[in-house]
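The structure appears below as structure tokens.
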Amino acid sequence: MKKIWDFHGGIHPKENKDQSNQSKITNAGIPPQLILPLQQHIGQRAELVVAVGDRVLKGQLIADAHGPVSVAVHAPTSGTVTAIEEHEVPHPSGMSDLCVFIDTDGKDEWCELYPCDDYSTLSPTEILGRVRKAGIAGMGGAGFPTEIKLRPPHEDKVNTLILNAAECEPYITADDRLMRERAEEVILGFEIMAYILQPGECLIGIEDNKPEAIKALREAAKETQIEVVVIPTKYPSGGEKQLIKILTGKEVPNGRIPADISIMCQNVATATAVYRAVRFGEPLISRVTTFTGDCIANKGNQQVLIGTPVSWLLEKNGYLAQKGSRLVMGGPMMGFTLHQTNIPTVKTSNCILAASQKELPQPDPAMACIRCGMCSEVCPAELLPQQLYWFAKGQEFEKAEHHNLFDCIECGACSYVCPSSIPLVQYYRYAKGEVRQIKADQEKSNQARERFEFRQERIEREKEEKEAKRKARSEAAAKAQAAKKAAAEAEAKEGKTEPAPAPESVKTDIKVNAAPEVTLEGLQKKLLMAEDKLSKMKAAWKDAQENNPERAEKLALAVESSKANVAKFKQQITDLGGGDASGTPSAPTGPSLEELESNLEKTKGKLQLILNTLEDAKQNHPDRVEKLERAVAKNHTRVASAQAALTEAREQQTTESKG
Ligand code: SF4
Ligand code: SF4
């Protein structure tokens, strides 16, 4: 017999299971309308693949898994999609979510399914694909996607695979009846999971208050390696970490998951869903749900289509509303109160409890904590519930987190024993919600900061690269000038030429010499070039004044030098009798057609460059946009003038050739 351990704390509330576990599972039937939330699981909401007006068949996909942690949703019977809209879903907060409404047609017509007689002919990956396709989420409570859970992180080996058959919560008997009546399916589903994970041992943990289920499981598991381990009845032995402690003596460390210590837990109903998905190709479209409580006439367990409205089920099972004090989805310890009944059952709905005032009296008004410590004594997670309560109440969420708030499994054992009737679990749920919100906000702001820093870094890098290029250019120019000067001096020493004039601070391309072969036409060309250079220098100087003051000083000198050049050429033209002092030629010896064409091309090229820069600035340098837009306007004018000059010159040439 396998050795078992005990976990800290725990309580023994009245079981109240006999009311619902005496009869066989019946079929709840097909309601006139089904309401299917697109998110019945942990993770991302499923993505719609149907539209209003579509006819759907039983088992047909209506919303596909979206992203790695997501679960598909299927039509539980045939009918027509009549609406896709927000509707209240089962949640403690009473929140709404997107739902698909199907008006059923009563035909219960299946879509095509792909069964498999022998799962061992499939690879583990193929089986996982079937599990994902079938939209199976953990049916024991949290609704984590089963396919993901069956893929332990980092290729961790699972040494112990556990089937959680404890069903420790009072009133609920859905798993109990399932094991009694469909033990073979449970065992086959568990074997398929073991085939995927290849664990060292397979254990089923079941409380000793379910003798018939224990017998049925042992019978079904006879020829297998699966061991059915009977454990004492104590709440909450069905908590994942608690069951692991009972069966293996190991503790899952704070903030970690069982896979981190090579253990995995699956639920009984999930195992049957896996079996049906692999063997018959059936998606998860129904589940066994317990109907119990003094205000239900027909207590028992029913196979319920996912999406069936609670109101329809209550009516069918003889709900005595006038007697009712509290309607709960789930059990009295971990379930939540339903404030309205027009909400659907989902993949995790294991119980509808309609309790009378006598069964589940309204809690007494909360009183001050008397620090009795009873809550700590019963806490199965070995927390300090009264401390967590103070922190949650005082909104000291960080301290609550440091006191392992997230290890709280919300079992309600502390609230159950609290003599001051403090609704402790509600405080923990509130604190967890706040911490999650704070973290989500923090994550958002971190992402925004990272984006900003990345952009700043890029701008800085580009600036440095530009500066490095500029330095390299000026060093190369200085070297070239020095070499030229040295060569000129060497020539002068040899008596061949006069030494070259001292280099200017910024090299000018245009050299004027007074050699007798200088012509008026040549001077006019040089003047044009000098004027062009002067305007470029002025623009560069203006830009540097704003962005690079160090460079601006040098450019100021260059501007002066260019101005002097322009003046010099104008003077030389005047001296040669080519025009007035402004450089305007007296004879019609303007630039040639080729020059005008080349000027137009250059102007257009420059305009395009500025337009490109403007596009970039709109994305990355909004501060430069205004200036660049002005430059674009200016250069448009230049292009127009260049175009006009060229057109005029061409017309003139045509006239001359005719004349
Ligand atoms: S059981 Fe209630 S009264 Fe006692 S310490 Fe805990 S919170 Fe306080
Ligand atoms: S609800 Fe949380 S704090 Fe209270 S007993 Fe359960 S695990 Fe401990």
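Every number for a ligand or one of its atoms is a count from 1 in the order of the listing. In this text, all values refer to a predicted model and were calculated from it rather than measured experimentally.
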>> Main chain of A72, side chain of K133: is a donor-acceptor contact present, judged purely on distance under 3.5 Å?
In response: no
I'd like to know if the side chain of K234 reaches the main chain of G9, judged simply by a donor and an acceptor atom lying under 3.5 Å from each other, with no hydrogens or angles considered.
yes
Within 4.0 Å of some non-hydrogen atom of R371, the atoms of ligand 1 are 5 (S), 8 (Fe)
re atom 4 (Fe) of ligand 1, the protein heavy-atom contact at minimum distance is C372 SG, 2.3 Å
- Indicate yes or no for a side-chain donor-acceptor contact from S20 to the backbone of T292 under 3.5 Å, with no hydrogens or angles considered. no
Backbone N/O of S376 and side chain of Q386: donor-acceptor pair under 3.5 Å: no
- Message: Any atom of ligand 1 sitting under 4.0 Å from a heavy atom of P385?
- Response: no
Numbered in order shown, the ligand 2 atoms found under 4.0 Å of a heavy atom of C414 are 1 (S), 3 (S), 4 (Fe), 5 (S)
- prompt: Ignoring hydrogens and geometry, is there a side-chain-to-backbone donor-acceptor pair from Q242 to F7 under 3.5 Å?
  reply: no
Looking at A368, S421, C418, the heavy atom closest to atom 2 (Fe) of ligand 1 belongs to C418
* Asked: Sub-3.5 Å donor-acceptor pair from the side chain of E181 to the main-chain atoms of I25, do we have one?
  -> yes
For C369, the atoms of ligand 1 under 4.0 Å from one of its heavy atoms are 3 (S), 5 (S), 7 (S), 8 (Fe)
query = Is there a heavy atom of V378 sitting under 4.0 angstrom from any atom of ligand 2?
reply = no
Ligand 2 to G412, heavy atom cutoff 4.0 Å, flagged ligand atoms 1 (S), 6 (Fe)
- [ ] Taking Y428 for its side chain and P385 for its backbone only, find out whether a donor-acceptor pair lies under 3.5 Å.
- [x] yes
the protein heavy atom lying closest to atom 6 (Fe) of ligand 1 turns out to be C375 SG, 2.3 Å
Atoms of ligand 2 under 4.0 Å from any heavy atom of C408, numbered from 1 in the order shown, are 1 (S), 2 (Fe), 3 (S), 7 (S)
The closest protein heavy-atom partner of atom 8 (Fe) of ligand 2 is C379 SG, 2.4 Å
Near Y428 (heavy-atom distance under 4.0 Å), the atoms of ligand 2 are 3 (S), 4 (Fe)
Would a distance-only check, ignoring hydrogens and angles, find a side-chain to backbone donor-acceptor pair under 3.5 Å from R287 to A269? no
Ligand 2 atoms nearer than 4.0 angstrom to some heavy atom of I409 are 7 (S)
Exercise. If you count the non-hydrogen atoms of other residues, nucleotides and ligands that lie under 6.0 Å from CD in Q426, is the total more than 12?
Worked result: no
